[in-house]
Amino acid sequence: MKSYFAGMEDGLEKWRYPIGRSVWPEVVSAEQLIQAVESISTFPARMREAVSGMPVSVLDMPYRPGGWTLRQLVHHCADSHINAYVRYKLALTEDAPVIKPYLEAAWAELPDSRMAPDVSLQILEFVHVRWTVLMQSLSDRDWDRGFFHPEYQQLHPLRNVTVHYAWHGEHHLAHVRNAVERQV
């Protein structure tokens with residue numbers, strides 16, 4: 001029987017970053033920003049569709065060697081996007097606030113990451129509704145506001161963060177879709 005991960009060992013970078021690594025653009029165009037907000041707004045529905053009806057055996061398999069299970073991946077997206085939404089609110093109400101990084105891998109090991117994905121899909125849906133309304137209300141000046149990330153020792157303007165989070169959603173959707181294709 002062919003291994004689930006057959007052929008992955010040589011291209012682990014491709015499996016880890018199926019759409020490529022995130023690139024922080026120096027300048028974010030109005031078009032890029034519109035596309036990023038649209039991607040973020042539709043992400044929960046697209047993730048729900050990607051995992052809908054998925055058997056437990058598939059949900060509990062890693063998307064790559066040494067990677068999270070698909071179940072953990074869905075919960076990670078909720079954790080990450082909750083944090084993103086809060087970071088936007090901090091950036092819009094404080095002057096260059098220092099955000100608190102968190103240990104994503106450790107969060108993925110907590111008991112709530114073993115729950116049914118539907119819980120986190122619901123979180124994503126509601127957080128993204130509010131996040132999208134917030135983003136759609138921003139002025140050019142608001143988009144220039146940002147937060148200071150101590151891990152990277154730099155200020156991250158919201159317009160750049162938005163492009164990153166659009167990538168983040170597409171990145172993890174690609175993980176799910178690739179895993180599903182390997183099951184067929």
Side-chain angles (χ1 to χ4, degrees), residues 16-48 50 67-68 71-113 115 117-176:
R16 190 170 182 193
Y17 298 102
I19 64 169
R21 288 182 181 261
S22 177
V23 176
W24 288 78
E26 290 289 322
V27 175
V28 176
S29 71
E31 178 70 21
Q32 284 175 302
L33 200 51
I34 290 167
Q35 289 174 353
V37 170
E38 175 65 18
S39 175
I40 290 168
S41 74
T42 62
F43 172 73
R46 292 181 295 128
M47 180 59 89
R48 181 176 290 283
W68 291 328
R71 180 186 308 272
Q72 287 172 305
L73 194 72
V74 172
H75 294 303
H76 159 72
C77 288
D79 292 341
S80 175
H81 293 194
I82 289 167
N83 274 284
Y85 175 66
V86 169
R87 289 170 177 179
Y88 275 64
K89 297 204 45 134
L90 289 169
L92 291 166
T93 59
E94 300 176 21
D95 291 328
V98 177
I99 56 114
K100 173 138 179 38
Y102 65 101
L103 302 174
E104 296 173 350
W107 283 36
E109 296 300 325
L110 293 172
D112 62 328
S113 289
M115 295 176 66
D118 194 58
V119 173
S120 282
L121 291 168
Q122 288 178 15
I123 289 170
L124 282 167
E125 289 165 359
F126 292 117
V127 167
H128 278 243
V129 166
R130 290 190 64 187
W131 192 10
T132 300
V133 166
L134 184 65
M135 288 186 292
Q136 290 173 339
S137 74
L138 299 183
S139 67
D140 280 340
R141 193 167 169 198
D142 292 333
W143 283 112
D144 291 332
R145 296 182 67 88
F147 53 78
F148 185 83
H149 199 303
E151 185 177 334
Y152 301 105
Q153 289 293 300
Q154 65 183 36
L155 184 75
H156 292 317
L158 292 180
R159 66 179 70 245
N160 298 68
V161 173
T162 303
V163 170
H164 171 73
Y165 275 99
W167 170 87
H168 185 258
E170 301 305 322
H171 166 73
H172 288 311
L173 274 170
H175 286 144
V176 172

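Note that these values count all heavy atoms, side chains included, but never hydrogens, waters or copies made by symmetry. In this text, all values refer to a predicted model and were calculated from it rather than measured experimentally.
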- Query: Are Arg87 and Val161 close enough that some pair of their side-chain heavy atoms sits under 4.5 Å apart?
  - Reply: no
- Task: Given side-chain contact (heavy atoms from CB on, under 4.5 Å), test Asp144 with Leu158 step by step and report yes or no.
- Result: CA-CA 6 Å; Asp144 291 332; Leu158 292 180; over 6 Å; no
- Are the side chain of Gln153 and the backbone N or O of Pro150 linked by a donor-acceptor pair below 3.5 Å? yes
- Message: Test your reading of the model: is there a side-chain donor-acceptor pair from Arg48 to the backbone of Glu125, 3.5 Å cut-off?
- Response: no
- Check whether any side-chain N or O of Ser137 sits under 3.5 Å from a backbone N or O of Leu134 as a donor-acceptor pair, and report yes or no. yes
- Query: Would a 4.5 Å heavy-atom cut-off, applied to side chains only, mark His128 and Ser41 as touching?
  - Reply: no
- Which distance, rounded to the nearest 0.5 Å, do you find between the CG of Asp142 and the CE of Met135? 13.0 Å
- Task: Would you please name every residue forming a side chain to side chain donor-acceptor pair (under 3.5 Å) with Glu104, sequence neighbours left out?
- Result: none
- Heavy-atom side-chain contact between Asp79 and Ile123 under 4.5 Å: no
- Quick one: does Met115's side chain get under 4.5 Å of His75's, heavy atoms only? yes
- Only counting residues at least two apart or in another chain, list the ones meeting side chain to side chain donor-acceptor pair (under 3.5 Å) with Tyr165. none
- So NE2 of His172 and CD1 of Ile19: to nearest 0.5 Å the spacing works out to 9.5 Å
- For Trp24, all residues meeting ring pair (Phe, Tyr, Trp, His ring centres under 6.0 Å), sequence neighbours excluded: His156, His164
- Query: Got a second to check how far Ile99's CD1 is from Leu90's CG, nearest 0.5 Å?
  - Reply: 9.0 Å
- Message: Ignoring hydrogens, what is the shortest heavy-atom contact between Arg46 and Ser39? Give both atom names and the distance.
- Response: NH2-O, 3.0 Å
- Going from CD on Glu170 to CE on Met47, what distance comes out if it is rounded to the nearest 0.5 angstrom? 9.5 Å
- Query: Do the side chain of Arg130 and the main chain of Tyr85 share a donor and acceptor less than 3.5 angstrom apart?
  - Reply: no
- Query: Which pair of heavy atoms, one from Ala108 and one from Ser113, lies closest together, and at what distance?
  - Reply: O-CB, 3.2 Å
- Item | Contact check, side chains of Phe126 and Pro44, non-hydrogen atoms, under 4.5 Å | no
- Query: Can you tell me how far CG of Leu155 sits from NE2 of His149, rounded to the nearest 0.5 angstrom?
  - Reply: 12.0 Å
- Which residues share a ring pair (Phe, Tyr, Trp, His ring centres under 6.0 Å) with Trp68, sequence neighbours left out: His76
- Note on the structure: All heavy atoms of His168 vs all of His81, minimum pair found to be ND1-NE2, 2.9 Å
- Could you tell me whether the side chain of Trp167 and the main chain of Thr162 form a donor-acceptor pair under 3.5 Å? no
- For Tyr17, enumerate each residue passing the ring pair (Phe, Tyr, Trp, His ring centres under 6.0 Å) test, keeping only those at least two apart in sequence or located in another chain. His171
- Note on the structure: Closest non-hydrogen atoms of Leu124 and Cys77, given as atom of the first, atom of the second and distance, are CD2-O, 3.7 Å
- In Å and rounded to the nearest 0.5 Å, what is the CG to NZ distance from Asn83 to Lys100? 10.0 Å
- Query: What residues form a ring pair (Phe, Tyr, Trp, His ring centres under 6.0 Å) with Tyr88, not counting sequence neighbours?
  - Reply: Trp131
- Considering non-hydrogen atoms only, spot the tightest contact between Gly146 and Pro97 and give its length. O-CD, 3.5 Å
- Message: For a 4.5 angstrom cut-off between non-hydrogen side-chain atoms, does Asp95 reach Arg145?
- Response: yes
- Scanning both residues in full, the closest heavy-atom pair of Val28 with Pro25 reads CG2-CG, 3.6 Å
- Query: Within a strict 4.5 Å, meaning less than it, do heavy atoms of the Ser120 and Val74 side chains meet?
  - Reply: yes
